[in-house]
Amino acid sequence: MTRIRAGLCSVTFRALGPEEIVALAADAGLEAIEWGGDVHVPAGDVARAQRVARATRDAGLAVASYGSYFRAGAGEDIAPVLDSAEALGADRVRIWAGSVDAAEATDAEWARVVERLRAAASEAGERDMELALEFHSGTLAATAPSTLRLLVEIGSPHLRTYWQPTVAASVDDAIDEYRQIAAHTSAAHVFSWWPVKERLPLRERADLWTRFFSDARAASHPPRDALLEFVPGDDPSLLAYEAATLRSYLAA
């Protein structure tokens with residue numbers, strides 16, 4: 001059975017500096033950090049990425065991935081994103097499949113995003129990196145079927161996807177979505193929002209996460225990382241408790 005790493009998305013604490021986040025993650029017993037490209041490691045700032053990478057390594061942590069905000073827009077260059085990921089030592093970059101929900105996208109919008117993502121995946125592959133789609137509403141990767149369609153149409157070995165529970169989805173529906181894309185899932189964003197976007201302690205949705213990790217561990221291609229994303233009230237003091245809950249699910 002493949003072991004899944006417990007980690008943290010740095011965007012959980014946008015108000016904190018990288019050194020503070022590293023210390024929090026290490027003290028909480030986590031193993032890896034996905035560094036966000038909006039605040040902590042801006043795309044193209046290679047020197048900053050190198051400093052953050054060094055601080056992460058010095059704390060005994062791994063860089064799980066680079067959480068970018070590349071959206072495959074017209075004329076949008078992925079090279080600065082890959083430069084930062086390379087400087088971080090990240091082999092995976094999280095990206096977004098456009099800015100239109102799959103249910104609303106025209107054929108022309110689909111084609112444009114597919115073409116741009118195919119080119120971006122090729123560039124990533126040239127650097128021995130993987131791209132992974134943010135599984136999120138408001139994009140072409142809004143649902144499991146639309147994500148599978150994207151992956152098939154792009155047809156790149158350098159493109160996979162993340163998974164996270166769809167907002168307001170029932171446990172059964174969320175697990176069904178994961179099962180549809182499990183073979184293509186490289187990481188999961190872990191949080192408990194219920195009934196809509198109310199941020200609850202992770203343990204408040206134990207029924208969801210117990211089932212998810214049971215499935216994930218048994219998958220033919222288990223996700224490499226389970227990354228905590230957001231905590232109630234953005235409170236850093238809660239991270240140790242949330243990390244302990246995550247580790248308990250992983251060890252079950």
Side-chain angles (χ1 to χ4, degrees), residues 1-13 21-36 52-53 55-67 85 88-95 124 128-135 144 147 151 157-165 171 174-192 201-231 238-252:
M1 189 173 288
T2 301
R3 182 175 172 278
I4 302 171
R5 292 189 301 191
L8 172 71
C9 295
S10 76
V11 297
T12 302
F13 301 117
I21 291 170
V22 165
L24 279 170
D27 289 346
L30 295 173
E31 300 171 77
I33 299 175
E34 175 177 282
W35 287 106
V52 171
T56 307
R57 290 193 306 268
D58 288 349
L61 302 172
V63 173
S65 43
Y66 181 50
L88 272 172
D91 62 358
R92 179 178 62 214
V93 179
R94 178 177 53 79
I95 60 170
D128 293 323
M129 291 183 195
E130 168 188 287
L131 302 183
L133 301 168
E134 172 84 2
F135 183 67
T147 300
L151 293 170
H158 309 296
L159 180 66
R160 298 188 72 198
T161 188
Y162 279 42
W163 173 85
Q164 64 188 33
V171 171
I175 295 300
D176 180 64
E177 286 186 322
Y178 169 66
R179 288 174 176 171
Q180 292 181 61
I181 60 172
H184 308 281
T185 299
S186 67
H189 283 163
V190 180
F191 53 84
S192 287
L202 196 57
R203 197 172 293 279
E204 292 297 312
R205 297 204 76 190
D207 51 349
L208 167 64
W209 292 112
T210 299
R211 287 180 60 184
F212 167 73
F213 284 115
S214 177
D215 276 21
R217 286 192 298 270
S220 58
H221 296 85
R224 182 176 69 183
D225 299 303
L227 304 167
L228 289 168
E229 187 181 39
F230 308 121
V231 296
L238 298 181
L239 181 61
Y241 178 78
E242 295 291 84
T245 302
L246 174 58
R247 290 197 306 275
S248 74
Y249 292 143
L250 289 170

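Numbers for residues simply follow the sequence, beginning at 1.
A side-chain donor-acceptor contact under 3.5 Å links S248 to the backbone of T245. Judged by distance alone, with hydrogens and angles left aside, the side-chain atoms of T56 form a donor-acceptor pair with the main-chain N or O of V52 at under 3.5 Å. Here the side chain of E34 pairs no donor or acceptor atom with the backbone of G7 at under 3.5 angstrom. Judged purely by atom type and a 3.5 angstrom limit, R205 has no side-chain atom pairing as donor or acceptor with the backbone of F191. Within the 3.5 Å criterion, the main-chain N or O of A85 finds no donor-acceptor partner in the side chain of W35.
Between the CD1 atom of I181 and the OG1 atom of T161 there is a distance of 4.5 Å, given to the nearest 0.5 Å. Atom CZ of R160 is separated from atom CG of L151 by 9.5 Å, given to the nearest 0.5 angstrom. The distance from the CD1 atom of I33 to the CG atom of L61 is 5.0 Å, given to the nearest 0.5 Å. Summarising the geometry, atom CG belonging to L238 is positioned 12.0 Å from atom OG1 belonging to T12; distances are rounded to the nearest 0.5 Å. Atom-to-atom distance recorded for L228:CG and S192:OG is 9.5 Å, nearest 0.5 angstrom. Separation of atoms CD (E177) and CD (Q164) is listed at 10.0 Å; rounding is to 0.5 Å.
Smallest separation of non-hydrogen atoms from A25 and L239: N-CD2, 4.1 Å. Among all heavy-atom pairs drawn from D91 and A64, the shortest one is OD1-O, 4.3 Å. Heavy atoms only, all atoms of each residue included: P222 and A216 are closest at CB-O, 3.3 Å. For G36 against S10, the heavy-atom pair with the smallest separation is N-OG, 2.8 Å. Considering every non-hydrogen atom in both R247 and A6, the closest pair reads CG-CB, 4.4 Å. Between A174 and P165 the shortest heavy-atom distance is CB-CB, 4.3 Å.
Scored by the side-chain hydrogen bond (donor to acceptor under 3.5 Å, both in side chains) test, D176 finds Q180 as partners (sequence neighbours excluded). With sequence neighbours left out, the salt bridge (charged side-chain N to carboxylate O under 4.0 Å, His left out) criterion links D215 to R179. Checked against salt bridge (charged side-chain N to carboxylate O under 4.0 Å, His left out), R92 has the following partners two or more places apart in sequence or in another chain: D225.
Taking the six-membered ring for Trp and thresholds of 30 and 60 degrees, Y162 and H189 have ring planes more than 60 degrees apart, a perpendicular arrangement. Ring geometry, Y249 versus F213: the interplanar angle falls under 30°, so the pair is classed parallel (tilted spans 30 to 60°).
Between E130 and R224 there is no salt bridge, since no side-chain N of the basic residue sits under 4.0 Å from a carboxylate O of the acidic one.
Counting heavy atoms from C-beta on, the side chains of V231 and F13 come closer than 4.5 Å. With contacts defined as side-chain heavy-atom distances shorter than 4.5 Å, the pair L159/L133 qualifies.
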Practice prompt. Please assess T147 against W163 for the test side chain to side chain donor-acceptor pair (under 3.5 Å), listing each intermediate value before the final yes or no.
Written response: CA-CA 10 Å; T147 300; W163 173 85; over 6 Å; no
